[in-house]
Amino acid sequence: MKLRNILLAGVAVTGLITTSCNDYLDVDSPSVFDYDYVYSTTYDMNLALNGVYSKLMSPYSSLLVNNLILNSDIDFATNTGDSYGSGNTKRFDSTAESSDASNLWKQGYNGIEYCNMFINGVEKSPLYDEDDEDIMQMLGEGYCIRAILYHEMVWYFGDIPYSRVPATKAENVVFPVVDRHTILDDMIADLEAIAPKMKPTAELSDGVERIGQELAYALIARLSLTAGGYTLEADKSNPKSVGTMKRPDNYLDYYKKAEKYAKMVMDMGSHSLGKPYYQVFVDECNYKVDNNDDPIFEIPFAKDNTGNIGYIHGPKINNNESKSELSWGYTSGSVKLHGLAPYLFDKEDIRRQYLFGTWNYTYKGEPEFENNAYLLYNCKWSKLWATTGLGNTTAGNTGINYPYMRYADVLLMYAEAANEVNNGPTAEAKNALRQVRERAFRTSPNSADKVDAYIAQATSKEEFLKAVLDERKFEFAGENMRWKDLVRNNIYGQELYYTYLRNSVIADNKQSSSDLYMDELCQHDGLGDYFYQNDIMSGTAYYRIVTDTVLPTFPNTQIKFIDVFKLWEACNVNDVDKKVYDKSLDLYTKHRSDDGVPSGEVCYSLLGYIYRDRNTEEEYISNGLKTGIMTNDYTVLSGTPTSFPPVRYILPYPSAAIRDGAGAYVNYYGY
């Protein structure tokens, strides 16, 4: 493991592409983080800051990039159980005993405590000088990491215990619960004060593996959109209520701030979308860092020591006695995307071709078509994309960086904020959207229609917002953003309803050619009438096993892969094609069993919000109350809902936190 001082004064990044450093596992000695320690050298400060970065890694190794990506129309996990359990957070079916909620609480507050100690130590140091650019840079990094962690905590828990000082400096170690907007306001104010004193990425010796000025400005924009958007507010007078979706009266002030700071990043001119979409992630899998392209800040994991990016992503590689015959070892492939999500993408969108995986590998390295119509592998990252494997017994600890902030996000945040502030799209907002969409259709023969004409038709505020949110859906699949975007715009319940319908209509089509919701669903998705009956690849899929083929969307020519004939298109395979694509498999046959009962995956994957009773086939939307039996706490659907109840995406405080709080912490939202 390499260890070196980071943030050497006056050292700039000299090349655009550098090798990933991943230095942040070699961190502080215990003395550097004594509560009353006063940093006497910048070397000590730097060691302690490495420790802060190491705490940021913990939740982004698995929790926030897998376990806690809540279900939506793009990110998905199935479930067949018809009763509540403590660990089903993705379907809004959790309890105070949830291990995911408990782990996020522990990791989040542990990281915040490290930030508080570091910030306190720097500000009390005799070296503290607001004119010292190196000290201000390190302090800014501490502020940014604290803001990142608090931002995640308020998303998942709402109003939370809050402290800006180390535990030993606090008057009471049981921190008071504070309104989420107060916390977000404080974080924004911190960053607005420190960001001008931070260094641009080009002046950091580790580039985007360290937090620079661009990330600070972009983070202000992200926090501001969260603060100005809708959130689920608890009904303090009725703990059994799921709560109400609200946004602050001064929400427009936050959108103005988001517009301002996103534009500041754009005006710096230090980032672009020059690389092909897939190359951004393939480079991360190969430990290549580009400091002036899409990534603005990558959480820097250490190869062989930390991180599960690329192990939980990409095709699953099975193992035999904890090894495979591939030099890339084995993977879990546990991060999944919705099996019908590809139909929401334009068929010429390069992101669709790259994102979705339909096969796994045996431990011998042979590809196997995976007949899972509900879920597809998220191939945004994979250990297989590395030109050299880490060894046939390796699993996690991939060291692949995670892009916490990308320039594409800044562009789309700007477009969304400017549209809201100006009550419709401006020319600059359209250009920001155009840059993201152009990259996705750069190789399309119809790029003018797919980009310029597509954006031109979104003339109203509502149409342009939909175009921006759709683009975010396509762009950030698997990056834990979609459900937050939907919550912020108060359309999460609506989109979960249609997500449920996509699987439901396929289950019904197997039994009958008519479906109550078919027209409505196709209209919502912008597809032709009866698309889900006639136009999806609902018959036999033909495929072949291919090797030694250069294909950018499957960037590994050293192993075999599966090529599906006209993937995700309804088509008739002629006899000539059948000789080439010599294997076949039926898809979408599992949504309803042969005895006529819809599958558990169709019925219960969204149990905490909407479900179908497998016996009666009556459909229900939840009002958010937890119940052991599915009766009076639900409203039976009768036709199309005109409004949707809020989604209980907020997690409960862990039972241990409630116990330790000695009465200070209470769960609401029906928990």
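Just so you know, these numbers use all the heavy atoms, side chains as well, and skip hydrogens, waters and symmetry mates. Computed from a prediction, not measured in an experiment: that's the story for all the values here.
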On a heavy-atom basis, which atom in Ser382 and which in Gly314 lie closest, and how many Å separate them?
CB-CA, 3.9 Å
Side chains of Glu479 and Tyr402: do they bring a donor and an acceptor to under 3.5 Å?
no
What is the ring orientation for Trp155 with Trp483, classed by angle as parallel under 30°, tilted 30 to 60°, or perpendicular over 60°?
perpendicular
Taking the side chain as every heavy atom from C-beta outward, state whether Leu469 and Arg482 have any atom pair closer than 4.5 Å.
yes
Taking Ala302's backbone N and O only, do any of them form a donor-acceptor pair with Thr306's side chain (distance below 3.5 Å, no angle check)?
yes
Geometric cation-pi criterion, Arg406 with Phe297: 6.0 Å, 45°:
no
Using the ring of each side chain (for Trp, its six-membered ring), is Tyr374 parallel, tilted or perpendicular to His591, with breaks at 30° and 60°?
tilted
Does any part of the side chain of Asn480, heavy atoms only, come nearer than 4.5 Å to the side chain of Val65, both counted from C-beta?
no
For Leu607 versus Asp82, what's the shortest heavy-atom pair and its separation?
CD2-C, 4.1 Å
Glu152 with Lys484: basic N within carboxylate O range, under 4.0 Å:
yes
Nearest 0.5 Å, what's the CG-NZ distance between Asp563 and Lys583?
13.0 Å
Taking atom types as modelled, find out whether Asp525 and Tyr532 have a side-chain donor-acceptor pair closer than 3.5 angstrom.
yes
Trace of the side chain to side chain donor-acceptor pair (under 3.5 Å) decision for Asn67 with Ser62:
CA-CA 7 Å; Asn67 306 45; Ser62 186; 3.1 Å; yes
Taking every non-hydrogen atom, the tightest pair across Leu412 and Val468:
O-CG1, 3.8 Å
Taking the six-membered ring of Tyr287 (Phe, Tyr or Trp), confirm whether the NZ or CZ of Lys303 is under 6.0 Å from its centre and within 45° of its axis.
yes
Under 3.5 Å, is there a donor-acceptor pair between the Asn446 and Glu348 side chains?
yes
Between Tyr543 and Tyr581, does the ring centroid distance fall short of 6.0 Å?
no
Would you name the heavy atoms of Asn318 and Tyr330 that are closest together and state the gap between them?
O-CB, 4.0 Å
So, does Thr394 use its side chain to make a donor-acceptor pair with the main chain of Gly391 at under 3.5 Å?
yes
Basic-acidic side-chain contact under 4.0 Å: Asp293, Lys275:
no
Would you check if there is a donor-acceptor pair between the side chains of Arg352 and Tyr343 at a distance under 3.5 Å?
no
Taking C-beta and beyond as the side chain, do Asn392 and Trp328 meet within less than 4.5 Å on heavy atoms?
no
State, with a plain yes or no, whether a side-chain heavy atom of Asn286 is found less than 4.5 Å away from one of Thr387.
yes
Taking the basic N atoms (NZ, or NE/NH1/NH2) and the acidic carboxylate oxygens, is any pair closer than 4.0 Å for Arg439 and Asp294?
yes
Please report the interatomic distance CD(Glu209) to OH(Tyr53), rounded to the nearest 0.5 Å.
10.0 Å
Do NZ/NE/NH1/NH2 and the carboxylate oxygens of Asp470 and Lys466 come within less than 4.0 Å?
yes
May I ask you to check if Arg437 and Tyr454 form a cation-pi contact, with NZ or CZ under 6.0 angstrom from the six-membered ring centre and within 45° of the axis?
yes
Is it the case that the side chains of Arg592 and Ser599 hold a donor-acceptor pair, with the cut-off being a distance below 3.5 Å and no angle test?
no
Could you go through Asn103 and Gln107, starting from their C-alpha distance and side-chain angles, then the distance that decides it, and tell me whether this counts as side chain to side chain donor-acceptor pair (under 3.5 Å)?
CA-CA 6 Å; Asn103 288 334; Gln107 292 176 18; 5.3 Å; no
Hey, do the aromatic rings of Phe356 and Trp568 have their centres closer than 6.0 Å?
yes
At what distance, to the nearest 0.5 angstrom, does OH of Tyr500 lie from SG of Cys603?
6.5 Å
Which heavy atom of Thr499 sits nearest to which heavy atom of Phe76, and what is that distance?
CG2-CE1, 3.8 Å
Would you please test Arg222 and Tyr404 for side chain to side chain donor-acceptor pair (under 3.5 Å) and show each step?
CA-CA 11 Å; Arg222 181 177 284 181; Tyr404 173 80; 3.3 Å; yes
In the structure I gave you, are the side-chain heavy atoms of Ile562 and Val564 within less than 4.5 Å of one another anywhere?
yes
Can you tell me how far apart CG (Leu433) and CD1 (Ile455) are? Round to the nearest 0.5 Å.
4.0 Å
Would you call the rings of Tyr354 and Tyr278 parallel, tilted or perpendicular, taking 30° and 60° as the class edges?
tilted
Here the gap from Ser605 atom OG to Ile610 atom CD1, rounded to the nearest 0.5 Å, amounts to 12.0 Å
Beyond-backbone contact of Trp381 with Val282, side-chain heavy atoms, under 4.5 angstrom
no
Hey, are Asn79 and Arg91 close enough side-chain-wise for a donor-acceptor pair under 3.5 Å?
yes
Show your reasoning for whether ring-ring contact (aromatic ring centres under 6.0 Å, His included) applies to Tyr492 and Phe92.
CA-CA 12 Å; Tyr492 198 15; Phe92 326 105; 5.7 Å; yes
Is Asp577 paired with Lys566 through a side-chain N to carboxylate O contact shorter than 4.0 Å?
no
Which pair of non-hydrogen atoms, one from Asn308 and one from Asn397, has the smallest distance, and what is that distance?
OD1-N, 3.8 Å
Decide yes or no on side chain to side chain donor-acceptor pair (under 3.5 Å) for Glu214 and Thr201, but give the supporting numbers first.
CA-CA 7 Å; Glu214 292 96 324; Thr201 300; 2.9 Å; yes
Side chain Ser94, main chain Ser98, donor-acceptor under 3.5 Å
no
Separation between CZ (Arg502) and CG (Leu340), nearest 0.5 Å, reads 7.5 Å
If you draw the axis of the six-membered ring of Phe474, does the NZ or CZ of Arg351 fall within 45° of it and under 6.0 Å from the ring centre?
no
Please determine whether a side-chain nitrogen of the Lys or Arg among Lys288 and Glu284 lies less than 4.0 Å from a carboxylate oxygen of the Asp or Glu.
no
For the rings on Trp359 and Phe369, is their centre-to-centre separation under 6.0 Å?
no
Does this structure show an ion pair linking Asp75 with Lys336, if we count only N-O contacts that are shorter than 4.0 Å?
no
Salt-bridge test for Glu438 and Lys450: reply yes if a basic N is under 4.0 Å from a carboxylate O, no otherwise.
no
